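Quick note: numbers below take in every heavy atom, side chains included, and nothing from hydrogens, waters or symmetry partners. Just so you know, residue 1 is the first one in the sequence shown, and it goes up from there. Remember, it's a predicted structure, so these values are computed and weren't measured experimentally.
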Amino acid sequence: MTHRGAVGSDARDGDGAGVMTSIPHKFFVKEFTGSSGFVLPPQGQYAVGNLFFKPSEEVLIESKNTFIELADSLGLRVLGWREVPRDSALLGPAALSREPTILQPFVVLRSRYGEGEKPENTDAESFDEKYFERQLFILRKVSTKKIGLHNWFYICSLSNKNIVYKGQLAPVQVYTYYHDLVNVDYAVHFALVHSRFSTNTFPSWDRAQPLRWVAHNGEINTLRGNKNWMRAREGQMKSAKFGEELEQLYPIIEEGGSDSAAFDNVLELLTINGVLSLPETIMMMVPEAWQDNALMDPKKVAFYEWAACLMEPWDGPALFTFADGRYCGATLDRNGLRPCRFYVTDDDRIICASEVGTILIDPEHIIQKGRLKPGRMLLVDTVEGRIVDDKELKMGVSSRFDFTSWVEEQLLTIKKVYNQLESSGVRLEPSLDDNSLQNDPRLLAFGYSFEQVSLILGPMAADSKEALGSMGNDAPLACLAKQPRLLYEYFRQLFAQVTNPPIDPIREAIVMSLECYVGPQGNVLEMGPSQCHRLLLPSPVLSPNEFNALTSIQQVNNSWTVHTIDITFPKEQGVPGYINALDEVCMQASKAIEKGDKVLVLSDRNTSADRVPLSALLACGGVHHHLVRNRMRSKIALVIETAEAREVHHLCVLLGYGADAICPYLAMECILKMNREKLIRGGLSDEKVVDNFKHSCDGGILKVMSKMGISTLQSYKGAQIFEALGVDDSVVDRCFTGTATRIKGITLDFIAQDAFALHETGYPSRKIVSIPGLPETGEYHWRDGGESHVNDPVSIANIQDAVRTKNDKSYEAYSLSEYEQIKNCTLRGLLDFDFSSSKPIPIDQVEPWTEIVRRFCTGAMSYGSISMESHSTLAVAMNRLGGKSNTGEGGEDPERSQILENGDTMRSAIKQVASGRFGVTSHYLADSDELQIKMAQGAKPGEGGELPGHKVSQSIARTRHSTPGVGLISPPPHHDIYSIEDLKQLIYDLKCANPRSRVSVKLVSETGVGIVASGVAKAKADHILISGHDGGTGASRWTGIKYAGLPWELGLAETHQTLVLNDLRGRVIVQTDGQLRTGRDVAIACLLGAEEWGFATTPLIAMGCIMMRKCHLNTCPVGIATQDPELRKKFTGTPENVINFFYYVANELRAIMARLGFRTINEMIGRSEKLLVRRDLMTEKTNNIDLSLILTPAHTLRPGVATYNVRKQDHRLHVRLDNKLIDESEYTLEKGIPTRIESDIVNTDRALGATLSYRISRKMGEAGLEPDSVHVNLRGSAGQSFGAFLAPGVTLELEGDANDYVGKGLSGGRVVIYPPRNATYKAEENIIVGNVCLYGATAGQCFFRGVAAERFAVRNSGATAVVEGVGDHGCEYMTGGRVIILGETGRNFAAGMSGGIAYVLDIKQNFASKVNMEMVELSGVEDAHEISWVRGLVEDHYQFTGSELAKRILLDYRRALPRFSSGRGSTKIEGLPIPIRSTSRQPGGGRQAQACGCYD
């Protein structure tokens, strides 16, 4: 499993590994009794564990004495200490510098053992094991708190059942470092091994896994929320087991641990408390996707609903393995992204791992091959000696109490409350005032602008979707804006990249939920019906009617009292009044809880000429954290009634900082007034426009949650998934505790001043003459007199004149005007060069411009988002310069690689591999200089690309292997890059598919991107791109464009510093992009650590773009971002325009280099001491901004290590099995003579066939070889990506099984997999291949005799496959090809499938219930050609694999035929002059037919 982990800059420094086993009693009796003279009591009556201590004699003695004293006070006795024998010589420098002293205490109950050297009482029946466990737990918690991690004190485990050996090790080191583990007497009944790949925290000894109860492969995305809610619950906790001592256990979640450690802390408490068993606790913390699951047993649904009333899910992609001595088990999160495969053998062993083939087992001894399904649990009861089935386990748990009646009797819902109030005659409808939209002073007082109302609110009310925008965000950051900004705009959404995946809120909606339980929580340490006495809200966004129902809830249920706190204050109190009002609101909240109120409403409705509102966000965050700190937050529902919130982002920030529900009353009144004034198209009713607005808010919230990989609102609420940009620590510590704020910024005083400034516009103190109506602020589009924009008309005109006429004066004017805009809009505008301390050199000594331009790249703009003319012009220009152009994610036609008559070529050197995998074939990969993995895009991180149907022309559809006229949405990057180890695998796949190309990973700037980049460097990427938040886009929702991601200045500096600190900078090239405009921008990027730079918008401007921001509408007036043939004729750009632009930028950079005294770029990289902050530009608002973090020179953090790329990554391609295939197929490549090759294969042989395919593609082009020219027979368990990008003419035939990503990007080859011939199990009932097989396949054939796991044939656009069953999300996003499934499918089949055909043999007649019907229609197989084709392919399947199932079907094909369902796409075709029948077809719910005996 070493290939799934990571090592640091020194190969001996692992990220952490370890093993948990049961207690090896025989071993300890021999070791401890022999050395100490103490006789150990029977197994289970003593505890032992590995404890880490600081290797300082003084600290060690003091820590041991403290531990012994605490044990004595709890009625325990430490018999003695055993020093653990180790081999420190094999440690790397980082691990060695923090290596602790490791000792094992042997702890017994004093009342049982007595004071001697032998136990006085060893009677097993009278031994109170639960009490012993309780005392050990208290000892662990109290000693950890008292001795502390600052003394390096850490308890790996202290238990009478399990023991954990771990450290900052690589997996191969664990058994050689700890001598105990290789001792012949170390005999145990289970072992649980874990290897860590550290990407969100640095490696350390204590963070290694397994933890005390679990080993966790994955990421908990909701950690901050889980921690806050757990702290809040401490005020409600009572335990019969712990009594008064419960207080000693707080805080339950210990500081300094990883996300896994926090999970382990809570699991430990709930399990030892004894009310819930270990499996029940896991089910509560990591529930299945139970909401809206019609196939789930109602009893189980009721259990999960009871659990949801008590605790929010710990959400994120996760495989948890756990053990408590009796039970060993594993569970998957609701999405099932992580792989978990297991074998059961005939000698009663079970081997469960992230991959098959980790332990070699004779096939004839295997009786079952399975995989863990999403949300399911695998449990082994070692006492009863059996595997407990998930269904049996969960039915037992859900039948323990009558959870159904608990929920029915106790749970309130807003719908019930509303209906009861309405039927009793309570008026719930709001009333509108008579002010027109343009004359409503409240809109002005809360900062509404004409653009927000027309561009954001109007489309939300009309279309029930967020509005689309394009070209990125070039407006000022909120912390630099001259106009007052709402506090929400200072918060930037964080998003998942590398450490965990974003998820798909549209196609995989079945795992997502906005339902939330609000109101007082029950005591999590007991079980009872009253715990369900909460209020269920289906959405956090309340309409005015629903809000009125909520505030009147006491009329329906007496105990639910509502307290409204006015968050406005008298205007005459001034700025001090603002700060005092915040204190007063928090005090009132505490009093309301003490009084017993259950709902707290924070309302700014009293805003008037005399009363100024607090920011609802400040009040919400302040109250939430005040209550969390005082352990009161779980006693009340927090509802916000505010005029401020109107955009999706505003709602998300309120939810992220603790709001339970929000009524954005002014936004809804604004929409109703627009409707009253006939400003909303469609002639909709008032009820409909409010409903549309709510629906678009719900969809937007789901999208923002999904960007972070969070499935349920319960988990998102209070999770604080934001970074504050330009907010001072004093504000964050008070109201947004725990939020990153790296550059400081505005204080409460300035927030108050902004509040007064906005209030003044709505309610002026003195009468002023002004233009009536809402202001045009220029926030979204440039407006004269409005907000600054980086791309302003003056700059655009100057640069276009400069590049067209080679006018140096125009370029100088452009550079100056851009500098003015950049000063107003970006962080780098606050910086300048420190020329005074530099010794200038003559410019002719500086690296020539022709060398510098080789470091320039153009951005990833796909053919589709821009026209063929503009795309190819960029490519020609960059090829002439020696720089690199980028295909974007839309693929590229092979003909573009041909050399034109004038010597030019339209080939893009950088080929992008994004989540859509459009056009990614073996030939596409082989024909590149750089392969760029798109983890995220600056303008919309966490989302896939989007190409509207009217832009998908015939040629684009051909290039992308899709259907003309059908819109294309790329899935989020979660199929094969959902974690660091899988990104590492894709890097390896691509390196194998083109060994001479460098592999790049595109990241977006956010807090923590430095650690992520270190992980990516350890995953062997050659190149890392850090994009800024302000990058361009062809189409994205405005929420993503405006509020996600951070400036590249922050991300680049953090990345460079972290890589240098870990001595990884020398291994990688670092590039940055995001609104780079001039040589000055490039120089700053270079000084912050980048050695290459990307430009996208500016080269387009050089070619004629005038920033109309109509890219998503296909109406670009200059023929750049359109596929309209008439508009494309207007394109006038030339390669010379682009070349001239880069010439000017390079020469401006050279002038700066000369003044700073740098001769080469390499000398300049990372020399941030040459930058200084321009204090003269600071205003009252920006005066507190602190850029010292950016300006810390990395070379001072760790002197002597490389600060730019000096060496290549070692991809270890020389040890590949492919090399054998290439050697043996030499005659085939040279002369076309067919070759047969025999070989064994193991799971470390990954991406088999990719390099052979590279050779074929380079030599033969896309057509490849004749079918079956190279036939490879293999035996064993294949590693990941078996047959990836397999070229035409190659057949891989495997007798055995395979892991994830089989046939990824299949490009015409054939893959055949069947079980070993001596296997005894039924192939059609067992798993043969892993997750995400045939992802992005474009051609070829696959035959799998067995069942495939989740996400089979995602984005298949041309391959044909036969398989005997698939898991959830099969054929998702499929656009072509044909798939035959001779067995059952999982849920959500055919989501987003717009092309291709799938045929499913529906034996159990339940298939229709599992299909996502959004884009497909179902039918039987009736066409004669189809009947014949299906039969032919089933015959092939039998021929290639010997399938028994295929044989039975063919024996009686007529009876089998009615059971086949085919799914056919019914996609709406957009923008085509003639109707075209979509080939999209899919499996569906079959015809009735008599049961056929041969299928039973």
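At distances below 3.5 Å, at least one donor-acceptor pair connects side-chain atoms of S634 with backbone N or O atoms of A232. Side chain of R233 to backbone of L310: a donor-acceptor contact under 3.5 angstrom is found. The closest donor-acceptor contact from the side chain of W314 to the backbone of V286 lies at 3.5 Å or more, if one exists at all. Here the side chain of E943 pairs no donor or acceptor atom with the backbone of G1040 at under 3.5 angstrom. At least one donor-acceptor pair under 3.5 Å links the side chain of S543 to the backbone N or O of E546. Checked by atom type and distance alone, the side chain of D1186 pairs as donor or acceptor with a backbone atom of S1188 at under 3.5 Å. Remark: side-chain polar atoms of S204 are paired, donor with acceptor, to backbone N or O of R207 under 3.5 angstrom. Judged by distance alone, the side chain of H649 and the main-chain N or O of F491 form a donor-acceptor pair under 3.5 Å. Checking side-chain atoms of W229 against main-chain N and O of V628 turns up no donor-acceptor pair under 3.5 Å. Checking side-chain atoms of E1054 against main-chain N and O of G1008 turns up a donor-acceptor pair under 3.5 Å.
For the residue pair N473 and D1030, no side-chain donor N or O sits within less than 3.5 Å of a side-chain acceptor on the partner. With 3.5 Å as the limit, one finds no donor-acceptor pair spanning the side chains of Q573 and N580. Checked by atom type, the side-chain pair E641/S603 shows a donor-acceptor distance below 3.5 Å. A donor-acceptor contact under 3.5 angstrom links the side chains of S711 and D315, judged on distance only. A donor-acceptor contact closer than 3.5 angstrom links the side chains of Q753 and E1180. Inspection of the E644 and Y488 side chains reveals an N or O donor paired with an N or O acceptor under 3.5 Å. Using modelled atom types and a 3.5 Å distance limit, the side chains of T737 and R629 yield a donor-acceptor pair. H1029 and S1005 share no side-chain donor-acceptor pair at under 3.5 Å. Under 3.5 Å, the side chains of T642 and D604 contain a donor-acceptor pair of N or O atoms.
Here the side chains of F263 and I253 are not in contact, with every heavy-atom distance at 4.5 Å or above. Side-chain atoms of T761 and H759, non-hydrogen and from C-beta on, never get closer than 4.5 Å to each other. Counting heavy atoms from C-beta outward, V612 and F756 have side chains that approach closer than 4.5 Å. Using a 4.5 Å heavy-atom threshold, the side chains of Q493 and V704 count as touching. Side chains of Y250 and R631 form a contact here, defined as non-hydrogen atoms less than 4.5 Å apart. Inter-residue side-chain proximity for L269 and L249 is flagged as met; some heavy-atom pair is nearer than 4.5 Å. In this structure, S788 and C825 have side chains that are in contact, with non-hydrogen atoms separated by less than 4.5 Å. Between L1050 and I1190 the shortest side-chain heavy-atom distance falls below 4.5 Å.
Note on K227 versus E254: no salt bridge recorded, every NZ/NE/NH1/NH2 to OD/OE distance being 4.0 Å or above. Comment: K591 does not engage D597 in a salt bridge, judged by the lack of any side-chain N to carboxylate O separation of less than 4.0 angstrom. Between E451 and K1042 there is no salt bridge, since none of the side-chain N atoms of the basic residue sits less than 4.0 Å from a carboxylate O of the acidic one.
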Practice item. Dump the intermediate steps for side chain to side chain donor-acceptor pair (under 3.5 Å) on Q720 and N228, then the final yes or no. Key: CA-CA 10 Å; Q720 305 185 182; N228 281 340; 3.1 Å; yes

Practice item. Report the C-alpha separation of E1006 and Q497 in whole Å, then their side-chain angles, then the decisive distance to 0.1 Å, and conclude whether the side chain to side chain donor-acceptor pair (under 3.5 Å) test is met. Key: CA-CA 10 Å; E1006 66 173 332; Q497 59 178 351; 3.3 Å; yes

Point to revise | From CA spacing to verdict: side chain to side chain contact (heavy atoms under 4.5 Å, CB included), D749, Y578 | key: CA-CA 8 Å; D749 284 355; Y578 193 96; over 6 Å; no

Practice item. Might you work through the side chain to side chain contact (heavy atoms under 4.5 Å, CB included) test for V648 and Y1043, ending with a clear yes or no? Key: CA-CA 10 Å; V648 167; Y1043 302 115; over 6 Å; no

Practice item. Could you please spell out the steps behind the side chain to side chain contact (heavy atoms under 4.5 Å, CB included) verdict for H563 and Q588? Key: CA-CA 9 Å; H563 182 79; Q588 284 191 49; 4.0 Å; yes

Exercise for review: Step by step, work out the side chain to side chain contact (heavy atoms under 4.5 Å, CB included) result for V1004 and V1009.
Suggested key: CA-CA 8 Å; V1004 172; V1009 75; over 6 Å; no

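In this structure, R485 forms no cation-pi arrangement with Y490, as its terminal cationic atom is not both closer than 6.0 Å to the ring centre and no more than 45° off the ring axis. Geometric assessment of R646 against the ring of Y448 yields a positive cation-pi assignment under the 6.0 Å and 45° thresholds. With a 6.0 Å cutoff to the six-membered ring centre and a 45° limit on the axis angle, K940 does not count as a cation-pi contact of F495.
Contact between T551 and V562 at its shortest, heavy atoms only, is O-CG2, 3.9 Å. Taking both residues in full, the closest heavy atoms of T826 and E1049 are given as CB-OE2, 3.9 Å, listed atom of the first, atom of the second, then distance. The heavy-atom pair separating K1181 from A478 by the smallest distance is NZ-O, 2.8 Å. Of all heavy-atom pairs spanning M705 and L713, the tightest one is CE-N, 3.4 Å. Residue M237 comes nearest to M230 through the heavy atom pair CE-CE, 3.2 Å, listed as atom of the first residue, atom of the second, then distance. Contact record, I1185 with G745: CG1-CA, 4.2 Å, taken as the closest heavy-atom pair.
When the options T741, T747, N1184 are evaluated for a side-chain hydrogen bond (donor to acceptor under 3.5 Å, both in side chains) with D728, the one that passes is N1184. Partner of L487 under the side-chain contact (heavy atoms from CB on, under 4.5 Å) criterion, out of D754, V653, L618: L618 alone. Checking each of R742, R492, R224 against E723 for a salt bridge (charged side-chain N to carboxylate O under 4.0 Å, His left out) leaves exactly one that passes, namely R742.
Between the CD1 atom of I640 and the SG atom of C620 there is a distance of 4.0 Å, given to the nearest 0.5 Å. Interatomic distance, D660 CG to L655 CG, rounded to the nearest 0.5 Å: 9.0 Å. Note: L638 CG to L627 CG = 7.5 Å, rounded to the nearest 0.5 Å. If you take CD1 on I662 and CG on L602, they are separated by 11.5 Å, rounding to the nearest 0.5 Å. Atom CD of E779 is separated from atom OG of S449 by 5.5 Å, given to the nearest 0.5 angstrom. Going from atom CD1 of I701 over to atom CD1 of I710 covers 13.0 Å, rounded to the nearest 0.5 Å.
The aromatic rings of H625 and Y657 sit tilted, their planes meeting at an angle between 30° and 60°.
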